[in-house]
Participant: 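Below is a structure I'd like to ask you about.
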Amino acid sequence: MNPRFILKDKVGPQGVGAGVWNLGPGGDPFGGPTREAIPFIDRIPMLAEAGMSYFEAHDVEIPATDAEKALKVAEANGMKCGMYTPSFFADSIFKDGAMTSNVASIRAKGLENAKLAVDTTHVLGAKTMVFWNGREGFDFVLAKNGQDSFKRLVEGFNAVAQYSKEKYGDAIRFAIEPKPNEPRANMYLATVGEVLYLISRLDPAIQHLFGVNPETAHSRIAGLDYIWDVEMALEANKLFHIHLNAQDGQRYDQDLPFGYTEPLKDLALLVVLQDAKYDGIVCFDVKAPRTDDPKNIKDILEVSGNNLVWLWERALAVDRKVIAQLRAENRATAIAGYLAKCLYGR
Ligand code: 3MF
Ligand code: MG
């Protein structure tokens with residue numbers, strides 16, 4: 001059993017989280033599973049063994065009917081639910097989206113699922129519900145009317161939040177997770193900027209309940225810098241949650257271990273989070289690769305956790321005065337060199 005990963009001196013929760021889906025059976029679009037699927041609730045103790053303090057789950061993984069059982073298993077393993085999320089992408093009914101489907105009855109089904117997910121979030125004791133834009137988008141132009149789709153997103157989010165506010169006040173907050181493509185060719189809410197724009201159009205009575213769940217790899221798939229994406233969310237006071245992982249260039253979504261591809265940028269990201277006193281939960285959204293044997297399925301979480309803690313501690317030691325001085329001297333390249341020095345411990 002790995003000791004729990006702890007982010008020293010972090011404001012708010014210092015433990016780290018991961019999704020139950022991170023420990024999947026290894027299927028990809030070109031081949032089936034390479035490992036036996038582990039029942040979702042059984043993955044909670046595995047996340048604990050890998051050093052996590054929080055688990056995250058979709059409604060299709062831990063449905064409302066399993067919530068009490070999941071909670072007991074979590075409690076027995078010193079775990080809490082970091083966030084819960086309705087899947088608007090797995091069921092074939094949502095093949096063309098939920099909130100932005102052209103079919104009114106499918107939009108209604110999406111809303112019904114989202115409301116049930118709010119109740120399950122409450123049962124699980126999570127403070128955050130995430131909406132990932134999964135299949136909200138289009139593969140062919142004019143298949144949907146973009147303006148109608150946007151209005152439907154606004155209406156859908158308003159309705160979910162109004163339901164939640166009536167029942168639970170401000171106890172549950174909503175974090176929208178952007179992604180530019182995959183599974184759709186073009187996804188609505190592709191970037192942090194789009195999510196912030198959408199939030200600005202929500203009903204002012206519930207707007208404060210909405211924020212962003214940026215994922216480092218998703219920014220990269222969009223060809224964007226994830227540090228600026230996170231800074232933008234922070235500036236708007238909307239960084240409600242975060243998904244950390246790595247991505248090897250602009251290609252299919254890889255969900256690689258955090259710290260694997262761009263450690264220097266990850267170090268800078270942690271400096272930004274520390275300076276902003278980010279008080280939400282830090283979670284991984286990684287994928288155990290299909291080449292890993294069942295006995296090593298937790299490696300990806302242990303590698304991510306070690307990288308995170310090592311980089312976090314290096315980030316604490318970054319001398320902010322040096323950066324301020326170099327900025328004042330207009331020495332951007334020297335800042336990169338100073339970060340490298342911190343990274344390599346020289
Ligand atoms: C896909 C993702 C999603 C979201 C999840 C949370 C399956 O690229 O990142 O993981 O994180 O749906 O809402
Ligand atoms: Mg994610």
Side-chain angles (χ1 to χ4, degrees), residues 16-29 40 43 47 52 54-63 81-91 94 97-99 110 113-114 116-118 120-121 124 126-137 153 156-157 160 172-192 195 210-222 224 226 229-230 233 239-248 250-258 280-289 300-301 304:
V16 178
V20 292
W21 66 91
N22 291 186
L23 301 177
D28 72 14
F40 288 106
R43 298 183 196 182
L47 295 180
M52 300 301 126
Y54 297 92
F55 73 96
E56 305 192 334
H58 294 87
D59 55 358
V60 289
E61 295 155 352
I62 301 183
C81 183
M83 71 84 164
Y84 190 69
T85 177
S87 161
F88 280 181
F89 53 94
D91 195 310
F94 298 131
M99 282 186 188
N113 287 8
L116 181 60
V118 167
T120 312
T121 302
L124 290 170
K127 295 186 175 71
T128 308
M129 187 164 117
V130 166
F131 282 103
W132 171 52
N133 56 343
R135 294 193 193 270
E136 310 293 6
L153 287 169
F157 287 126
V160 180
I172 298 171
R173 299 200 303 177
F174 302 93
I176 301 173
E177 180 176 330
K179 190 177 182 186
N181 56 268
E182 203 186 342
R184 306 311 299 268
N186 303 280
M187 279 149 77
Y188 301 130
L189 307 176
T191 61
V192 169
V195 170
F210 281 85
V212 193
N213 177 33
E215 176 167 321
T216 46
H218 292 179
S219 298
R220 274 297 185 228
I221 295 169
L224 297 173
Y226 47 87
D229 268 352
V230 167
L239 188 68
F240 282 13
H241 202 76
I242 193 163
H243 272 174
L244 298 183
N245 50 8
Q247 174 74 19
D248 207 355
Q250 264 179 297
R251 58 175 79 186
Y252 66 94
D253 189 5
Q254 296 176 292
D255 292 327
L256 294 166
F258 177 69
I281 301 171
V282 173
C283 277
F284 297 125
D285 192 352
V286 291
K287 186 175 180 180
I300 189 147
L301 294 174
S304 298

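In what follows, every heavy atom counts, from backbone to side chain, and hydrogens, waters and symmetry copies are set aside. Atoms within each ligand, like the ligands themselves, are counted from 1 in listed order. Model, not experiment: these values are computed from the prediction.
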Participant: Test your reading of the structure: does Asp255 have an N or O sitting under 3.5 Å from an N or O of ligand 1?
Facilitator: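 No, since none of the N or O atoms of Asp255 sits under 3.5 Å from an N or O of ligand 1.
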Participant: Is the Mg ion (ligand 2) less than 2.8 Å from at least one N/O/S atom of Glu177?
Facilitator: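 Within the cut-off used here (under 2.8 Å), Glu177 does place an N, O or S atom near the Mg ion (ligand 2).
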Participant: Under the criterion side-chain hydrogen bond (donor to acceptor under 3.5 Å, both in side chains), I'd like the reasoning laid out for Asp59 against Ser87: C-alpha separation, chi angles, the key distance, then a yes or no.
Facilitator: CA-CA 6 Å; Asp59 55 358; Ser87 161; 4.7 Å; no
Participant: Could you go through the side-chain contact (heavy atoms from CB on, under 4.5 Å) check for His243 and Val130 one step at a time?
Facilitator: CA-CA 11 Å; His243 272 174; Val130 166; 5.5 Å; no
Participant: Check His218 against ligand 1 and report side chain, backbone, both or neither, counting heavy atoms closer than 4.0 Å.
Facilitator: side chain
Participant: Which of the atoms of ligand 1 are close to Asp253, meaning less than 4.0 Å from one of its heavy atoms?
Facilitator: 8 (O)
Participant: Would you confirm whether the ring centroid of Phe174 sits within less than 6.0 angstrom of the ring centroid of Phe210?
Facilitator: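 They qualify: ring centres under 6.0 Å apart.
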Participant: Within the side chain of Glu177, is there an N or O that forms a donor-acceptor pair under 3.5 Å with the backbone of Pro214?
Facilitator: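 The answer is no, because no donor-acceptor pair under 3.5 Å joins these two groups.
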Participant: Got a sec: is His243 within less than 2.8 Å of the Mg ion (ligand 2) via an N/O/S atom?
Facilitator: yes
Participant: In terms of side-chain heavy atoms, does Asp255 have a donor or acceptor partner in Asn245 at a distance below 3.5 Å?
Facilitator: yes
Participant: Counting only heavy atoms, tell me which of His241, His243, Glu177 gets closest to atom 9 (O) of ligand 1.
Facilitator: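 The nearest heavy atom belongs to Glu177.
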Participant: For the Mg ion (ligand 2), what is the closest N, O or S atom on Glu215?
Facilitator: OE1
Participant: Return the name of the atom in Asp285, of element N, O or S, nearest to the Mg ion (ligand 2).
Facilitator: OD2
Participant: Could you point out which residue of Gln250, Lys179, Arg251 forms a side-chain contact (heavy atoms from CB on, under 4.5 Å) with Ile221?
Facilitator: Lys179
Participant: side-chain hydrogen bond (donor to acceptor under 3.5 Å, both in side chains) for Asn213 and Trp132? Distances and angles first, verdict last.
Facilitator: CA-CA 9 Å; Asn213 177 33; Trp132 171 52; over 6 Å; no
Participant: In this structure, which one of Phe89, Tyr84, Phe40 forms a ring pair (Phe, Tyr, Trp, His ring centres under 6.0 Å) with His58?
Facilitator: Phe89
Participant: Any idea which protein heavy atom is nearest atom 13 (O) of ligand 1, and the distance to it?
Facilitator: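 Protein heavy atom with the smallest distance to atom 13 (O) of ligand 1: Thr85 OG1, 2.9 Å.
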Participant: Which atoms of ligand 1 have any heavy atom of Met83 under 4.0 Å away?
Facilitator: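 Those of ligand 1 that fall under 4.0 Å from Met83 are 6 (C).
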Participant: Taking both backbone and side-chain atoms of Glu215, is any N or O found less than 3.5 Å from an N or O belonging to ligand 1?
Facilitator: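 For ligand 1, there is an N or O atom that lies under 3.5 Å from one belonging to Glu215.
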Participant: Which ligand 1 atoms, with their elements, are less than 4.0 angstrom from a heavy-atom of His58?
Facilitator: 5 (C), 6 (C), 7 (C), 12 (O)
Participant: Is there a donor-acceptor pair closer than 3.5 Å between any side-chain N or O of Arg184 and the backbone N or O of Arg135?
Facilitator: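 Side chain of Arg184 to backbone of Arg135: a pair is present.
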Participant: Determine whether any heavy atom of Glu56 lies closer than 4.0 Å to an atom of ligand 1.
Facilitator: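 Glu56 does not count as a contact of ligand 1 under the 4.0 Å cut-off.
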